[in-house]
2 protein chains.
Amino acid sequence: MTDSEVVELLRAHGIRPSAHRVAVASCVLGNDTHPSAETVLRKARERLPVISRATVYNTLNLLNEKGLLRQHPFGAGTVFDSNVSRHHHLIDEETGEMRDIPWEKLSVSGLESIKDAEITDYMIVIRGRFKKRRA
Amino acid sequence: MTDSEVVELLRAHGIRPSAHRVAVASCVLGNDTHPSAETVLRKARERLPVISRATVYNTLNLLNEKGLLRQHPFGAGTVFDSNVSRHHHLIDEETGEMRDIPWEKLSVSGLESIKDAEITDYMIVIRGRFKKRRA
DNA sequence: TCCCAAAACTGGACATAGTCTAGCTCGCAT
DNA sequence: ATGCGAGCTAGACTATGTCCAGTTTTGGGA
């Protein structure tokens, strides 16, 4: 994703695209990696040597609030996911690495039997060992 | 679960049942709450005023290794679950409170299409709002 | 019973992840 | 040019968890 695409995306979601925000956003958006906040901080500093931890956290939280990314606590600590459409997750038990599984690949039955809660979202979390590189 | 049942359970899993370990274990085992480590520390201190944070963590990790409980990173931070049989999870979005859903209540199809990993475990994680108290 | 080694426990230092705040800076409208 | 507010900064602070060196407890053997 080019910088100008990132800028457009931020604007489209009501976020003023400062240089710092663009640097942070382009570390996460438009790819299927699942970086931690510290990873984003490190990558953002490659582009913009002076950027504070607080700015990275502020920006990630802002992107989260505005629906540009999601936060997941599984895997190796909390990671960010720019795939905001519904999908499932596959996690490598050894490394904590996380991959997305398309929504259509799996399905759940029996949800109508859940009576004691109003369901807003659900996903399947699979743990195992990756065989090889991502297809 | 009585103390002597806890003692038996620990022994049966090759854990020497010291007074401290029993105090910690009985805060978690035999009930369906999902306490955090800090909650366990607080509860354990009600029984045993002098018990260190390290002992609580050591014991919880030991119980985890020996298969007496599981650790889950969803919900409100990391919590412990004495239900070690397969089950799914329902999480209240507001409070982070977690409830177990029996394995048989839900089912997943399509797992055979996962080709790039050896699956060791999976579960459904549902988010929503609890309607009322646990049945 | 007494003694010893091993196991368990302790407090505190350290590590990691994340939040908060007070002050500074920069871009923009006037 | 100047004043203002959004954004950014460093660093202090909190929460959670690990590690370690030293001390206490425990169980088993003489």
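To find a chain, count down the sequence lines: A is the first, B the second, and so on, and within it residues start at 1.
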Separation of atom [atom1] in [X] from atom [atom2] in [N], rounded to whole Å:
X        : N       : atom1 : atom2 : value
Arg42(A) : dA17(C) : CZ    : P     : 10 Å
Ile51(A) : dT25(C) : CD1   : P     : 18 Å
Leu48(A) : dC26(C) : CG    : P     : 13 Å
Arg21(A) : dG27(C) : CZ    : P     : 14 Å
His72(A) : dA17(C) : NE2   : P     : 18 Å
Ile15(B) : dA8(C)  : CD1   : C1'   : 13 Å

*Within 45 degrees of the axis of the six-membered ring of Phe130(A) and under 6.0 Å from its centre: does Arg99(A) put its NZ or CZ there?*
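Ring-cation test returns yes.
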*Does the side chain of Thr55(A) get closer than 4.0 angstrom to OP1 or OP2 of dT9(D) through an N or O atom?*
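Checking Thr55(A) against dT9(D): at least one side-chain N or O falls below 4.0 Å of OP1 or OP2.
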*Mark up nucleotides 15-27 of chain D, 5' to 3', with B wherever a protein heavy atom is under 4.0 angstrom from a base atom, S wherever such an atom reaches only the sugar-phosphate, and - elsewhere.*
-SSBB-------S
*What pairs with Glu5(A) under side-chain contact (heavy atoms from CB on, under 4.5 Å), at least two apart in sequence or on another chain?*
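Checked Glu5(A) against side-chain contact (heavy atoms from CB on, under 4.5 Å); matches are Met1(A), Thr2(A).
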*Which residues pass the side-chain contact (heavy atoms from CB on, under 4.5 Å) test with Ser113(A), sequence neighbours left out?*
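For Ser113(A) the side-chain contact (heavy atoms from CB on, under 4.5 Å) partners, ignoring immediate neighbours, are Lys105(B).
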*Would you say the side chains of Gln71(B) and Thr78(B) form a donor-acceptor pair under 3.5 Å?*
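Side chains of Gln71(B) and Thr78(B): no pair found under 3.5 Å.
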*Looking at every strand, decide which applies to Ser18(A) at a 4.0 Å heavy-atom threshold: base, sugar-phosphate, or nothing.*
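Sugar-phosphate only.
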*Common cluster, Ile101(A)/Leu111(A), ILVMFWY with side-chain heavy-atom separation under 4.5 Å*: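 Both belong to a single hydrophobic cluster.
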*With side chains defined as the heavy atoms from C-beta onward, is the minimum distance between Val108(B) and Ile124(B) less than 4.5 Å?*
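Yes. Closest side-chain heavy atoms under 4.5 Å.
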